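Since the structure is predicted, the reported quantities are computational estimates derived from the model, not experimental observations. Counting convention: from 1, in listed order, for ligands and their atoms alike. Nothing fancy with the numbering, it's 1 onward along the sequence.
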Amino acid sequence: MTTVLDTTRAGQAAAAGRDLGSLEKTPLERYVAPARPSLVGLSRPELAAALGAIGVPEREHRMRVQQLWHWLYVRGARAFDEMSNVSKHLRAALEQHYTLDRPELVAEQVSVDGTRKWLVRLPGEQPGERPHEVECVYIPEADRGTLCVSSQVGCTLTCSFCHTGTQRLVRNLTPGEIVGQIMVARDRLGDWIERAPLAGAIVPTDGGRFVSNIVMMGMGEPLYNYENVRDAMLIMADGEGIGISKRKITLSTSGVVPNITRCGADTGVMLAVSLHAVRDELRDVLVPLNRKYPIAELLAACRTYPGLSNARRITFEYVMLKGVNDSLVDAKELVRLLKGIPAKINLIPFNPWPGTKYECSDWEQIEKFSEVVFNAGYASPVRTPRGRDILAACGQLKSATEKLSARERMALRAMAMTD
Ligand code: SAH
Ligand code: SF4
């Protein structure tokens, strides 16, 4: 038997008997499939299997899958009866065994600048249990519409400045629940072929699609729900369906190193990395996953990210925490660390939440920090916050106060990404 030496810091820590347990929360709640599952979120082979299970002969699978794919992801069909080129008999069989359900939109807030925040309900774990809810933010701009999508209810990780990290309830979203957030957005905005756009909606003015860009930056750590997120992103990027190119899909991770390369190779989407600190001692505190995958390993994975080039840069996110990570020494070290990596830097004003010990850096400090980054050749826009008015009014949504800052956080982040 060969012994493989674990040379990672986590491996060394484990060998030294150091507890890395507090990095993650367990257990994850399970997803229980409904009796009649939804076809939303199934891959082509899975759709073929679903057809096979109700007796559709194999020779028809290819053609039927193509039809379903079109109705689901181009037309946004909500009922099998809409599928006019599918026989009545097959429509009835599909209806009997499956649905076209997506998550349910339960609340909406609209800002004067057109930003929309949606509270989306997923099926709960047990009948009668409090429903699982995630949030989704839509940011329209003149030349694009960006949707910020969630990958988990809560988050398994415990970043000390992030409110989602304190949430107890954690569940992975299924591919259908992830793709379903885009479908909910397209339903609400009227962004399907041959459907009327939502009256009064502020949408991109260049004639493009209302939802043209996706950022996986809502609740959860997408690379801790890797397979489901990967499958969902492959559906989003499918040119015969939802059709959002992989260049317009950005996944943000706190640094799950082994899945970074996999994600790039499997999907080719754009990468954003939540760096937030330039020294391991501090990053260990802010992003405890750093104790498992420290900065040097994280940046090594970034340097070899598949498809990386000046045209396809990695975005490094850096939350501005007063007196913690915002010194000019930190700014210079940030620039030094990223040398040689085709990168963009997003400075995100910290969004405080009840009970947090952190404060947002002063505006002048953010500007000075940004100047160092800018002088090193990086565009480092600090974005004008969007949706401020609805952030202020977010108590109007009936969810628990605990959730309010998660909404605010998402809006701020999504703003920072839409450059
Ligand atoms: N889990 C992933 C994606 C979701 S969080 C990740 O951590 O990258 C998306 C971004 O929001 C991350 O950069 C995260 O660090 C940042 N964030 C979390 N809480 C924040 C807060 N209170 N203020 C500003 N940004 C925050
Ligand atoms: Fe999870 Fe990201 Fe929040 Fe960290 S910052 S707790 S990884 S959602």
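Between Arg116 and Glu108 there is a salt bridge, since at least one side-chain N of the basic residue sits less than 4.0 Å from a carboxylate O of the acidic one. Note on Lys368 versus Asp326: no salt bridge recorded, every NZ/NE/NH1/NH2 to OD/OE distance being 4.0 Å or above. Between Glu95 and Arg36 there is a salt bridge, since at least one side-chain N of the basic residue sits less than 4.0 Å from a carboxylate O of the acidic one. Note on Glu333 versus Arg336: salt bridge recorded, some NZ/NE/NH1/NH2 to OD/OE distance being below 4.0 Å.
Below 4.0 Å from some heavy atom of Gly218 lie the following atoms of ligand 1, by number and element: 4 (C). Atoms of ligand 2 found under 4.0 Å from any heavy atom of Ser254 (numbered from 1 in listed order, with element): 7 (S). Remark: ligand 2 atoms within the under-4.0 Å shell around heavy atoms of Gly165 are 6 (S). Atoms of ligand 1 found under 4.0 Å from any heavy atom of Ser254, numbered from 1 in the order shown, are 6 (C), 7 (O), 8 (O). Listed by number with element, the atoms of ligand 1 under 4.0 angstrom from any heavy atom of Cys162 are 18 (C), 19 (N).
Residue His276 touches ligand 1 through its side chain alone, judged by heavy-atom distances below 4.0 Å. Within the 4.0 Å heavy-atom criterion, the part of Glu317 lying near ligand 1 is the side chain and not the backbone. At a heavy-atom cutoff of 4.0 Å, ligand 2 is contacted by the side chain of Cys162 but not by its backbone. Looking at Thr253 against ligand 1, only its backbone comes within 4.0 Å, counting heavy atoms.
For ligand 1, one of its N or O atoms has an N or O atom of Ser274 under 3.5 Å away. For a threshold of 3.5 Å applied to N or O pairs, the pair formed by Ile348 and ligand 1 contains no separation below that value. Considering backbone and side-chain atoms alike, Val319 places every N or O at 3.5 Å or more from each N or O of ligand 1.
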Checklist line | side chain to side chain contact (heavy atoms under 4.5 Å, CB included) evaluation trace for Leu334 with Phe316 | finding: CA-CA 10 Å; Leu334 176 62; Phe316 288 90; 5.5 Å; no
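At least one donor-acceptor pair closer than 3.5 Å links the side chain of Asp191 to the backbone N or O of Phe210.
Ser254 and Tyr224 share no side-chain donor-acceptor pair at under 3.5 Å. Inspection of the Glu221 and Ser151 side chains reveals no N or O donor paired with an N or O acceptor under 3.5 Å. Side-chain contact of Arg44 with Gln66: a donor-acceptor pair under 3.5 Å is present, judged by distance alone.
For the ligand labelled ligand 1, residue Glu221 lies inside the 4.0 Å heavy-atom shell. At least one heavy atom of Gly220 lies less than 4.0 angstrom from ligand 1.
Atom 3 (Fe) of ligand 2 does not have Cys155 among its coordinating residues (no N/O/S atom, backbone or side chain, under 2.8 Å).
Between the choices Phe316, Phe350, Tyr358, the shortest heavy-atom distance to atom 21 (C) of ligand 1 belongs to Phe350.
Between Trp118 and Tyr138, the ring planes lie parallel to each other; the angle is under 30°, not in the 30° to 60° tilted range.
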